[in-house]
> 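Once you've had a glance at the structure underneath, I'll fire off some questions.
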Amino acid sequence: IVRPFAEIPGLWKNGVVNLYNFWKLDGFKNLHRIMLQNFNTFGPIYREKIGYYESVNIIKPEDAAILFKAEGQYPKRLQVEAWTSYRDYRNRKYGVLLKNGEDWRSNRVILNKEVISLKMLENFVPLLDDVGQDFVTRVHKKIKRSGQNKWTTDLSQELFKYALESVGSVLYGERLGLMLDYIDPEAQRFIDCITLMFKTTSPMLYIPPALLRQVGAKVWRDHVEAWDGIFNQADRCIQNIYRQLRQETGTSKEYPGVLASLLLLDKLSIEDIKASVTELMAGGVDTTSITLLWTLYELARHPSLQEELRAEVAAARAASQGDMQDMLKRIPLVKGALKETLRLHPVAVSLQRYIAEDIIIQNYHIPAGTLVQLGLYAMGRDPKVFFRPEQYLPSRWLRTETQYFRSLGFGFGPRQCLGRRIAETEMQIFLIHMLENFRIEKQRNVEVQSTFELILLPDKPIILTLKPL
Ligand code: HEM
Ligand code: 2DC
């Protein structure tokens with residue numbers, strides 16, 4: 001017999017007490033580890049309430065399949081209230097990230113064609129390849145300047161710039177100039193604002209932003225300042241393209257970028273376009289850069305794997321004779337490495353949906369409208385799901401192991417990551433160029449773990465050494 005909702009194990013009776021305990025455990029930074037611990041305590045399903053945030057948590061791929069089958073026509077994930085509150089406060093439109101229902105669907109359908117369709121890759125690849133080449137040139141220069149034939153550094157700032165340059169070139173069809181020695185200070189400020197925006201979001205997951213705003217809390221003020229910086233810079237980039245479009249005669253055959261394509265298409269209002277392009281620009285920085293940093297870290301820890309990947313890239317280069325789009329079809333192990341990075345170091349600690357219909361998971365009845373979370377971080381480290389989960393094994397994605405609902409780093413279905421194709425291509429191209437040019441090494445044995453700042457980040461700087469081959 002199916003057991004009732006009220007019998008799901010977990011701590012869901014007193015949200016305020018749970019919030020207090022959560023805070024004592026430094027839960028704002030340890031959310032991923034607390035989730036893992038909860039699965040160990042309660043089993044593969046538990047109910048939880050922290051502050052006003054209530055959810056049912058699951059970990060099994062089979063249960064994820066049930067969850068996503070019940071997501072309905074308008075999949076809805078947890079509303080990050082800090083983000084909607086800011087837009088309400090400043091009277092700005094929601095983009096596709098924050099919209100719901102029919103409004104979300106109609107915008108998303110149009111954006112899909114311009115942003116995530118495979119057809120667009122032929123436009124994106126040359127742009128992203130240019131950025132990748134410039135990054136390599138920049139590293140060679142740094143190595144030369146060091147006078148030591150190597151460069152040892154925390155690459156995160158460099159990777160933020162690489163990521164913003166990449167997403168910017170695709171969105172605007174032109175370069176922002178972040179691979180140069182002297183960069184626009186406004187672009188640097190944009191990068192800093194995104195980091196601050198994420199950092200100030202996590203406490204507001206559990207304490208209503210409206211309340212924090214009323215008491216004039218610093219976290220709310222910092223959050224507003226961060227989004228203001230993000231929107232101001234995005235507005236400048238968007239205005240710039242808009243002006244160029246109005247002056248142009250419209251003869252150029254070159255791909256003009258996502259923004260110009262959307263404006264020329266004329267199917268979304270300018271305000272809707274601005275809102276979603278701003279979200280794409282902001283969503284395209286910390287996500288890919290941190291994933292690349294973790295990947296370089298894993299390659300530095302596994303030198304023979306690094307050589308294997310390098311051999312695959314060399315063979316792909318030879319076989320594709322310089323056609324990058326073709327080359328991207330010949331690097332399964334590089335793609336496996338990126339999946340493996342997202343398994344052990346996912347950007348998103350969980351995926352969530354408000355289910356559209358009643359479902360049964362682990363023999364418990366869950367009513368429609370419940371927020372159900374798949375613990376992505378916990379699933380990636382579960383020995384019942386992945387054979388020897390602690391090992392970084394890109395080849396596990398090539399064969400043998402089943403992949404059924406196991407590769408979910410970008411989410412699933414029609415509400416999955418809109419930037420997925422850009423992110424994947426940008427990261428693959430980056431790794432190709434790095435493997436072709438440098439050996440990646442790391443200092444002694446410092447164990448780096450994840451810390452939660454809305455997205456999962458390394459808890460300490462990752463210092464790597466790059467040596468020319
Ligand atoms: C949504 C992960 C890069 C823009 C998401 C979601 C995840 C995710 C898990 C939620 C999906 C769901 O609920 O099913 C990642 C990862 C990235 C990455 C792991 C890189 C390694 C990017 C980039 C962009 C971007 C580069 C922009 C160019 C977005 C947007 C959404 C989203 C706009 C919301 C889509 C919607 O609600 O319709 N991402 N992302 N992401 N991501 Fe990404
Ligand atoms: C954070 O409990 C933990 O891709 C919460 O590019 C549940 C939750 C809800 C939404 C998730 C968020 C988590 C992590 C960051 C995500 C976000 C949806 C989109 C966002 C996964 C798991 C992200 C990073 C976007 C951000 C774009 C934005 C800055 C414009």
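Ligands are counted one by one from 1 in listed order, and the atoms in each one are counted from 1 as well. Source: prediction; values computed, not measured.
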> What residue and atom, counting heavy atoms only, is the protein's closest point to atom 20 (C) of ligand 2, and at what distance?
W83 CH2, 4.2 Å
> Quick one: which ligand 2 atoms are inside 4.0 Å of a heavy atom on V349?
3 (C)
> For residues Y364 and F5, establish whether the separation of their ring centroids is below 6.0 Å.
no
> Which ligand 1 atoms are under 4.0 Å away from a heavy-atom of V167?
28 (C)
> Is the terminal nitrogen or CZ of K99 (NZ for Lys, CZ for Arg) located under 6.0 angstrom from the six-membered ring centre of Y94 and within 45° of that ring's axis?
no
> Identify the heavy atoms of L293 and L155 that sit nearest to each other, and give their distance.
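Heavy atoms only, the tightest pair is CD1-CB, 4.2 Å.
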> Starting from atom 21 (C) of ligand 2, which protein heavy atom do you reach first, and at what distance in Å?
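Ranking protein heavy atoms by distance from atom 21 (C) of ligand 2, first comes A348 CB, 3.8 Å.
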> Going by the angle between their ring planes, with limits at 30° and 60°, are F39 and Y46 parallel, tilted or perpendicular?
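Ring orientation of F39 relative to Y46: perpendicular.
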> Between Q352 and ligand 1, does any nitrogen or oxygen pair lie at a separation below 3.5 Å?
no
> Between V170 and L127, what is the shortest heavy-atom contact and its length?
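Result for this residue pair: CA-CD1, 4.2 Å.
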> Which heavy-atom pair separates I241 from A260 by the least distance, and what is that distance?
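So the two residues come closest at CG2-CB, 4.2 Å.
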> Please compare R77, H345, Q416, R421 and report which has the shortest non-hydrogen distance to atom 10 (C) of ligand 1.
R77
> Counting non-hydrogen protein atoms only, what is the nearest one to atom 21 (C) of ligand 1? Give residue, atom name and distance.
T291 OG1, 3.3 Å
> Under 3.5 Å between some N or O of ligand 2 and some N or O of R77?
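N/O-N/O distance under 3.5 Å: no.
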> Considering only heavy atoms of L78, which atoms of ligand 2 have at least one such atom less than 4.0 Å away?
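Taking each heavy atom of L78 in turn, ligand 2 has 7 (C) under 4.0 Å.
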> Grab the two heavy atoms, one from R108 and one from Q416, that are nearest each other, plus how far apart they are.
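What the structure gives for the nearest pair is NH1-O, 2.8 Å.
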> Please list the nearest protein heavy atom to atom 14 (C) of ligand 2 with its residue and the distance rounded to 0.1 Å.
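The answer is L454 O, 3.6 Å.
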> So which protein heavy atom does atom 29 (C) of ligand 2 come closest to, and at what separation?
M197 CE, 3.3 Å
> If the cut-off is 4.0 Å to any non-hydrogen atom of F452, which atoms of ligand 2 fall inside it?
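Going through ligand 2 atom by atom, the ones under 4.0 Å from F452 are 3 (C).
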> For ligand 1, which atoms have a heavy atom of G409 less than 4.0 angstrom away?
2 (C), 9 (C), 19 (C)
> Atom 25 (C) of ligand 2: which protein heavy atom is closest, and how many Å away?
G283 CA, 4.4 Å
> Counting C-beta onward and ignoring hydrogens, is there a side-chain heavy-atom pair between I331 and L309 closer than 4.5 Å?
no
> Examine R381 relative to F386 and say whether NZ or CZ is less than 6.0 Å from the centre of the six-membered ring and inside a 45° cone about the ring axis.
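Relative to the ring axis of F386, which defines the angle, R381 lies outside at least one limit.
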> Answer yes if a protein heavy atom lies under 4.0 Å from atom 16 (C) of ligand 2, otherwise answer no.
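So far as the 4.0 Å threshold goes, atom 16 (C) of ligand 2 is out of reach of every protein heavy atom.
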> What part of D286, side chain, backbone, both or neither, has a heavy atom within less than 4.0 angstrom of ligand 2?
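The answer is neither.
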> Under the side-chain contact (heavy atoms from CB on, under 4.5 Å) criterion, do L205 and L78 qualify, and how do the steps go?
CA-CA 10 Å; L205 284 174; L78 175 82; 4.0 Å; yes
> Return the closest protein heavy atom for atom 26 (C) of ligand 1 as residue, atom name and distance.
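The protein heavy atom lying closest is G284 CA, 3.4 Å.
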> Contact between C417 and ligand 2, counting heavy atoms under 4.0 Å?
no
> E279 versus ligand 1: do any nitrogen or oxygen atoms come within less than 3.5 Å of each other?
no
> Looking at D235 and R92, is there a salt bridge between them, counting it only when a charged N and a carboxylate O are closer than 4.0 Å?
yes
> Tell me: protein heavy atom nearest atom 13 (C) of ligand 2, and distance?
Q352 NE2, 4.0 Å
> On a heavy-atom basis, I'd like to know which of I455, L280, T341 is closest to atom 27 (C) of ligand 1.
L280
> With a 4.0 Å cut-off on heavy atoms, does R353 reach ligand 1?
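Distance cut 4.0 Å: R353 passes for ligand 1.
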> Protein heavy atoms near atom 23 (C) of ligand 2, is at least one of them under 4.0 angstrom away?
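It does not: no protein heavy atom is found less than 4.0 Å away from atom 23 (C) of ligand 2.
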> Please state which protein non-hydrogen atom is closest to atom 30 (C) of ligand 2 and give its distance, to 0.1 Å?
E279 O, 3.4 Å
> So which protein heavy atom does atom 2 (O) of ligand 2 come closest to, and at what separation?
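Looking at atom 2 (O) of ligand 2, the protein heavy atom closest to it is Y53 OH, 2.8 Å.
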> Looking only at heavy atoms, what is the nearest atom pair of L111 and S276, with distance?
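Heavy atoms only, the tightest pair is CD1-OG, 3.6 Å.
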> Students often mix this up, so state it plainly: with edges at 30° and 60°, are the rings of Y53 and Y206 parallel, tilted or perpendicular?
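Parallel.
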> Any idea which heavy atoms bring T201 and H223 closest together, and the distance?
OG1-CE1, 3.1 Å
> W294 vs H345 aromatic rings, parallel, tilted or perpendicular, using cut-offs 30° and 60°?
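Plane angle under 30°, so parallel.
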> What are the atoms of ligand 1, with element, lying closer than 4.0 Å to any heavy atom of F412?
14 (O)
> What's within reach of atom 43 (Fe) of ligand 1, meaning protein N/O/S atoms under 2.8 Å?
C417 SG
> Would you say T291 and M427 make side-chain contact, with heavy atoms under 4.5 Å?
yes
> Against heavy atoms of R108, which atoms of ligand 1 measure under 4.0 Å?
35 (C), 36 (C), 38 (O)
> Heavy-atom contacts with V96 under 4.0 Å: which atoms of ligand 1 show up? List them by number with element.
36 (C), 37 (O), 38 (O)
> Using the six-membered ring wherever Trp is involved, compare the ring planes of H302 and Y392 and label them parallel, tilted or perpendicular (cut-offs 30° and 60°).
parallel
> Does the ring center of F28 lie less than 6.0 Å from the ring center of F452?
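Not close enough - the centres of the two rings lie 6.0 Å or further apart.
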> Give yes if a backbone or side-chain nitrogen or oxygen of W104 is under 3.5 Å from a nitrogen or oxygen of ligand 1, and no if not.
yes
> Kindly indicate whether a cation-pi arrangement holds for R87 with W227, taking the cut-offs as under 6.0 Å to the six-membered ring centre and within 45° of the axis.
yes
> Applying a 4.0 Å heavy-atom criterion (strictly less than), which segment of L97 is in contact with ligand 2: side chain, backbone, both, or neither?
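The side chain, only.
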> Are Q403 and R406 linked by a side-chain donor-acceptor pair shorter than 3.5 Å?
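No, R406 and Q403 have no side-chain donor paired with an acceptor closer than 3.5 Å.
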> Return the orientation label for the F231 and Y86 ring planes: parallel under 30°, perpendicular over 60°, tilted otherwise.
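The arrangement is parallel - the two ring planes meet at less than 30°.
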> Should you measure from each heavy atom of L351, which atoms of ligand 1 turn up under 4.0 Å away?
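Result: 9 (C).
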